[in-house]
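Data first, discussion second: the structure below is written as structure tokens.
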Amino acid sequence: DTAVSQTPKYLVTQMGNDKSIKCEQNLGHDTMYWYKQDSKKFLKIMFSYNNKELIINETVPNRFSPKSPDKAHLNLHINSLELGDSAVYFCASSPGTANGYTFGSGTRLTVV
Amino acid sequence: QKEVEQDPGPLSVPEGAIVSLNCTYSNSAFQYFMWYRQYSRKGPELLMYTYSSGNKEDGRFTAQVDKSSKYISLFIRDSQPSDSATYLCAMRRNTDKLIFGTGTRLQVFP
């Protein structure tokens, strides 16, 4: 039974489109995150939610909008996709804000 | 300068070797230190979690933190081909966001 699941695993789309990535965790964790991993494997935090409340909002273009309908779900919507948005997006969760994270398997986004 | 520096490798070793992976950091406020392993096309998985300075051992893995030198290490004993992956160090201040190193790619050949 997958702990942190993301859909879709792969996403190929054209510039200018709007797309969403979904994340669900069944671990009962309170905190969820979105990270972006670039082609050089560097993981950078984008957003963090604790019990549906936004607690970290890094310097990310406002074309990216997270939504947490409940503490088990954190979705990421991206408007007007650009070539530079191509990356692997990871969702993660943790029991609190001072613990290690459990990551999903990633969504590989390619903008053409 | 990045907050967390890590040699990207690749590091190539024969099976059975002792592997040493390292990270340096600049922020003395970091208190929690972690090592993650990431296989190709998979998400990172937590290997080791330590608080403040000292050593922690788990099977073939030993994590060391030297806060005075702002230096952390992960040692892998009796390395196996299945250990071939990218190893990411990560650290945080208290309840702040987790900051990752860029990862070191390790290849263990039979």
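Sequence lines set the chain letters: A, B, ... in the order given, protein chains first and strands last, and positions in each chain run from 1.
Using a 4.5 Å cut-off between heavy atoms, Gln38(B) contacts chain A through its side chain alone, with no backbone atom that close. Contacts between Thr102(B) and chain A at a heavy-atom distance below 4.5 Å involve backbone atoms as well as side-chain atoms. Neither the backbone nor the side chain of Arg105(B) has a heavy atom closer than 4.5 Å to any heavy atom of chain A. Within the 4.5 angstrom heavy-atom criterion, atoms from both the backbone and the side chain of Leu43(A) approach chain B. Only the side chain of Tyr10(A) comes within contact range of chain B, with at least one heavy atom under 4.5 Å from a heavy atom of that chain. In this structure, the portions of Lys41(A) lying under 4.5 Å from any heavy atom of chain B include both its backbone and its side chain. The contact between Tyr36(B) and chain A is made entirely by side chain atoms (from C-beta outward), counting heavy-atom distances below 4.5 Å.
Ile55(A) CD1 to Lys97(B) NZ: the interatomic distance, rounded to the nearest 0.5 Å, is 11.5 Å.
Annotation for Phe90(A) and Lys42(B): closest pair CZ-O, 3.7 Å, computed over non-hydrogen atoms.
Side-chain atoms of Tyr101(A) never come within 3.5 Å of backbone atoms of Leu46(B) as a donor-acceptor pair (strictly under, hydrogens ignored).
Other residues, nucleotides and ligands place more than 12 heavy atoms under 6.0 Å from the NZ atom of Lys71(A).
Between Tyr35(A) and Phe100(B), the distance from one ring center to the other falls under 6.0 angstrom.
A chain of hydrophobic side-chain contacts below 4.5 Å, direct or via other Ile, Leu, Val, Met, Phe, Trp or Tyr residues, connects Leu74(B) to Tyr25(B). Following chains of ILVMFWY side-chain contacts shorter than 4.5 Å, one cannot reach Leu11(A) starting from Val4(A), and the two form parts of different hydrophobic clusters.
Most heavy-atom pairs under 4.5 Å with chain B: of the set Gln37(A), Lys9(A), Gln6(A), this distinction falls to Gln37(A).
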